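All remarks here apply to the structure that follows.
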Amino acid sequence: MRIDILTVLPDLLTSWFGDSIIERARTKGLVQIEVHDLRKWSSDKHRRVDDYPFGGGAGMVMQVEPIHKAIESLKSERAYEEVIYLSPDGAMLDQSLANQLSTNKNMILLCGHYKGIDERVREHLITREVSIGNYVLTGGELAAAVLSDAVIRLLPGVIGDETSALSDSFQDGLVAPPDYTRPAEYMGWKVPDILLSGHQARIDAWRSQQALERTRERRPGLLGPADEGEVG
Ligand code: 6GU
């Protein structure tokens, strides 16, 4: 997978992706991330990419021209399945969207900044708008990092244990069951006996039941109406 990120704050993202599991995925050739400074496509002598809003009002608006040029320049090199604008009014990112996006070969992520973006970008250049939650950030960079992380860790070979991405919270529509590691007892706080029992089938059943119970307690919205009132 290749992800091209368009931003006015490239340094922020370059340092984020230059460390961690994501960096290992890049080194292994599992993902290519290219962070581009939108100012590179500015035709302004001060390299501005924003201007005052028509009709007045507070805040600056990102201009259509540098964004159009950036996207066209990338598209002339390869085909992109998605050009995603990170925006608080976009569709909410969830595991199902991350799964869907993880099947793409090439994606462009556009980070908004300032007050907003010229609407013509959204009308003509964007395939999808994505938000990471109902709160407002100063820019789309953190959202681009969140989306990229959620997608990249699903790519085969990125996380060590091939099965662990599949047993994540949300991957099966449930939150994850509790985990424990050594010691089996600490300060009198004990690990559930079942996990020390060696009966794998019973352990699996216990974990499934825990996942279901926790989902009902913490994220009842994840359970379809059919699941409600079943487990006790
Ligand atoms: Cl994608 N951008 C900004 N600026 N704020 C957000 C967001 C995105 N998602 C949630 N809040």
Side-chain angles (χ1 to χ4, degrees), residues 1-10 12-14 16-17 22 31-42 48-55 57-155 170-171 173 221-222:
M1 170 179 287
R2 174 177 169 131
I3 302 177
D4 288 272
I5 306 181
L6 301 175
T7 170
V8 292
L9 296 171
L12 255 176
L13 289 169
T14 304
W16 174 258
F17 292 120
I22 303 303
V31 65
Q32 183 178 359
I33 304 170
E34 298 297 336
V35 180
H36 309 275
D37 187 347
L38 262 177
R39 293 179 206 280
K40 190 171 133 190
W41 289 279
S42 169
R48 297 201 70 105
V49 293
D50 63 331
D51 208 333
Y52 294 97
F54 279 127
M60 303 296 275
V61 175
M62 286 176 77
Q63 295 171 285
V64 61
E65 184 183 336
I67 294 170
H68 181 227
K69 285 182 174 164
I71 292 173
E72 285 308 305
S73 151
L74 290 171
K75 281 184 173 173
S76 72
E77 301 287 330
R78 67 197 66 76
Y80 287 89
E81 289 98 336
E82 296 276 3
V83 181
I84 298 174
Y85 173 47
L86 284 312
S87 160
D89 38 338
M92 200 74 76
L93 178 64
D94 61 10
Q95 193 60 50
S96 137
L97 180 55
N99 292 352
Q100 205 181 317
L101 295 176
S102 75
T103 64
N104 289 329
K105 199 159 143 35
N106 301 307
M107 291 195 285
I108 295 172
L109 306 184
L110 171 62
C111 303
H113 237 268
Y114 314 109
K115 169 172 173 275
I117 197 169
D118 191 302
E119 186 66 19
R120 290 166 292 185
V121 171
R122 302 166 79 161
E123 276 173 15
H124 300 291
L125 302 175
I126 294 301
T127 59
R128 194 192 280 275
E129 301 191 13
V130 175
S131 165
I132 61 164
N134 287 332
Y135 41 81
V136 181
L137 303 168
T138 55
E141 284 74 17
L142 283 169
V146 167
L147 185 153
S148 300
D149 191 285
V151 167
I152 291 166
R153 63 185 294 288
L154 296 172
L155 302 176
F170 300 121
Q171 195 53 268
L222 288 174

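As the structure is a computational prediction, the values presented were derived from the model and not from experiment. Index from 1, following the sequence.
Put simply, CD on Glu81 and CG on Asn106 are 5.5 Å apart, with the number rounded to the nearest 0.5 Å. Here the OG1-CD1 distance, from Thr127 to Ile84, works out to 6.0 Å after rounding to the nearest 0.5 Å. How far CG of Leu101 is from CD1 of Ile152: 11.5 Å, rounded to the nearest 0.5 Å. Atom CE of Met107 sits about 4.5 Å away from atom CD1 of Ile3, to the nearest 0.5 Å. Rounding to the nearest 0.5 Å places OG1 of Thr103 at 10.0 Å from CG of Leu155. Rounded to the nearest 0.5 Å, atoms CG (Leu137) and OG (Ser87) are 10.5 Å apart.
By the 4.5 Å heavy-atom criterion applied to side chains, Leu38 and Leu110 are counted as neighbours. At a threshold of 4.5 Å between non-hydrogen side-chain atoms, the residues Tyr85 and Ile117 count as touching.
Gln63 pairs by the side chain to side chain contact (heavy atoms under 4.5 Å, CB included) definition with Asp51, Pro66, not counting sequence neighbours. Under the rule for a side chain to side chain donor-acceptor pair (under 3.5 Å), the partners of Asp50 that lie at least two apart in sequence or sit in another chain are Arg48. Applying the side chain to side chain contact (heavy atoms under 4.5 Å, CB included) test to Ala144 and every residue at least two apart in sequence or in another chain returns Ile5, Leu86, Leu109, Cys111. In this structure Gln32 satisfies the side chain to side chain donor-acceptor pair (under 3.5 Å) test together with Glu34, sequence neighbours excluded. Among residues two or more places apart in sequence or in another chain, the salt bridge (Lys or Arg N to Asp or Glu O under 4.0 Å) test is passed with Arg2 by Asp4. By the side chain to side chain contact (heavy atoms under 4.5 Å, CB included) test, Asp94 pairs with Ser96, Leu97, sequence neighbours left out. Here Ala145 pairs with Leu13, Trp16, Phe17 under the side chain to side chain contact (heavy atoms under 4.5 Å, CB included) rule; sequence neighbours left out. Asp37 pairs by the side chain to side chain donor-acceptor pair (under 3.5 Å) definition with nothing, not counting sequence neighbours. Every side chain to side chain donor-acceptor pair (under 3.5 Å) that Gln95 has, sequence neighbours left out, goes to Asn99. The salt bridge (Lys or Arg N to Asp or Glu O under 4.0 Å) search around Glu129 returns Arg122, not counting sequence neighbours.
Here side-chain hydrogen bond (donor to acceptor under 3.5 Å, both in side chains) pairs that include residues 135-145, with residues two or more places apart or in two chains, are Thr7-Glu141, His113-Glu141.
Residue Asp118 comes nearest to Val64 through the heavy atom pair CB-N, 4.0 Å, listed as atom of the first residue, atom of the second, then distance. Nearest heavy-atom pair across Pro53 and Val61 is CB-CG2, 3.8 Å.
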Scan the side chains in residues 68-79 for donor-acceptor partners under 3.5 Å anywhere in the protein, sequence neighbours excluded, and list what turns up.
from	atom 1	to	atom 2	distance (Å)
Lys69	NZ	Glu65	OE2	2.6
Ser76	OG	Ser73	O	2.7
Arg78	NH1	Tyr80	OH	2.6

Evaluate the side-chain contact (heavy atoms from CB on, under 4.5 Å) criterion for residues Glu82 and Ile108: first the C-alpha distance (whole Å), next the side-chain angles of each, then the deciding distance (0.1 Å), finally the verdict. CA-CA 6 Å; Glu82 296 276 3; Ile108 295 172; over 6 Å; no
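Crowding of Asp89 atom CG: a count of heavy atoms from other residues, nucleotides or ligands under 6.0 Å exceeding 12.
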